[in-house]
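First the proteins, then the strands, lettered A, B, ... as listed; each starts at 1. This is a predicted model, so every value here is computed, not measured.
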Number of protein chains: 2
Amino acid sequence: MIDVQEARGALDRVLELTVLLGDDMARDLERRGLTGSRAHLVWELHRLGPSTQQTLAEALGVTPRAITGLVDALTDRGFVTREPHPRDRRATLVTFTKQGERAAKALERDHFQLAGRLFGDMSASTFHGFTRGLDAVLARLRELLS
Amino acid sequence: MIDVQEARGALDRVLELTVLLGDDMARDLERRGLTGSRAHLVWELHRLGPSTQQTLAEALGVTPRAITGLVDALTDRGFVTREPHPRDRRATLVTFTKQGERAAKALERDHFQLAGRLFGDMSASTFHGFTRGLDAVLARLRELLS
DNA sequence: TATTGTTATACTCTATAACTATA
DNA sequence: TATAGTTATAGAGTATAACAATA
């Protein structure tokens, strides 16, 4: 249905969007004293509550070893602590400090704010046209990757 | 105009799109023996023709030191060579080998193919609704980052 | 003096493999 | 035996700073 050149133009703009979005979010994270990977851990910990490093490894899709490094860095910077697991002495429960809690809530606020900035002023018809196409592309991509 | 929760849902799906797109492209690159950063250099070199490392540093938005590392890796793997600059003995011209040329063309083909897979089967109205919203979001984002 | 690309050093993120303590 | 998390080691990407060769 769609011309190849037109499709390519759309893909290029989608890729530009991913780059700019990454830049914008990295800017926020730097202000919060977080890198992308550390923020991802904070985000998931906020979603899951106090968690073992195994659980976090699965949530982030990285090895347990990578979690050790991220938790070390977040501990050094005062965002989280390692607490003993109440029923398994092999495991630790990664837990927010007050500062970590505040940072997680700030990420949440930044996220809402960004959503508002990107879409808040859009007309309903433009917005729904966009999300309709977006869902179609997402469905295609999930199919390609499965 | 748009509800905050709806906007957030759209942002989440855009972020999911960036992740899946990254996964899909990384899969192609691995097949070509390239990492993301090295492929980016190959892509720009294809666009620019034989270039100094300074030029590539500006094109990729990284420091000259990072280019040294990428060119070292691409040279070791047979994608590019460092040729003397004809008029400036300080500089080198990074130049494709036959293999590098083939890889660049393969990236181009993969790119078109991905565009076709994502958008090719889309109805014209869905496609144009999508690109209209996409352009609006891009414009917003450029504004935010400027 | 300024520029090109390098070496030196450091930080971040990631992986695999071997190991310790515990289950 | 299996699991949780560590140490050891390695590779990739990036940055700043000091330096050599050349402009």
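Picking from D:dA2, C:dG5, D:dT6 the nucleotide with the shortest atom distance to the side chain of B:Q54 gives C:dG5. Of the candidates C:dA23, D:dT22, C:dT12, the closest approach to any side-chain atom of A:D88 belongs to C:dA23.
Under 4.0 Å is where a charged nitrogen must lie from a carboxylate oxygen, and between B:D72 and B:R82 at least one such pair does. A:R32 has no carboxylate O lying under 4.0 Å from a charged side-chain N of A:D28, or vice versa, which leaves the two without a salt bridge. Under the 4.0 Å criterion applied to side-chain N and carboxylate O atoms, A:R27 and A:D24 are not assigned as salt-bridge partners. Contact check on A:R140 versus A:E143 returns a salt bridge, with a Lys/Arg side-chain nitrogen under 4.0 Å from an Asp/Glu carboxylate oxygen. Looking at A:E108 and A:R47, no side-chain N of the basic residue comes within less than 4.0 Å of a carboxylate O on the acidic one, giving no salt bridge.
For the atom pair A:Q54 CD and A:R90 CZ, the distance stands at 9.5 Å (nearest 0.5 Å).
Annotation: proximity of residues 57-72 of chain A to DNA chain D (heavy atom, distance under 4.0 Å) is found for A:R65, A:T68, numbered in ascending order. Of the residues in residues 22-48 of chain B, those with a non-hydrogen atom less than 4.0 angstrom from any atom of DNA chain D are B:T35, B:S37, B:R38.
The nearest pair of heavy atoms linking A:P50 to A:T95 is CB-OG1, 4.0 Å.
Taking only side-chain nitrogens and oxygens, B:T92 comes nearer than 4.0 Å to OP1 or OP2 of C:dG5. The phosphate of C:dT3 (OP1 or OP2) has no side-chain N or O of B:Q53 nearer than 4.0 angstrom.
Atom CG of A:L93 is separated from atom C1' of D:dG5 by 13 Å (rounded to the nearest Å). Atom C1' of nucleotide C:dT12 and atom CG of A:L74 are separated by 12 Å, given to the nearest angstrom. Atom CZ in A:R90 sits roughly 6 Å away from atom C1' in D:dA4 (whole-Å rounding). Per the geometry, CG belonging to B:L56 stands 9 Å off P belonging to C:dG5, to the nearest Å.
Taking 3.5 Å as the limit, the base of C:dT22 and the side chain of A:R89 contain no donor-acceptor pair of atoms between them.
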Review point. Which is it for B:F79 and B:R38 under the side chain to side chain contact (heavy atoms under 4.5 Å, CB included) test, yes or no, and what are the steps along the way?
Key: CA-CA 10 Å; B:F79 290 98; B:R38 292 171 196 171; over 6 Å; no

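If you look at A:F119 and A:F127, their ring centroids are closer than 6.0 Å.
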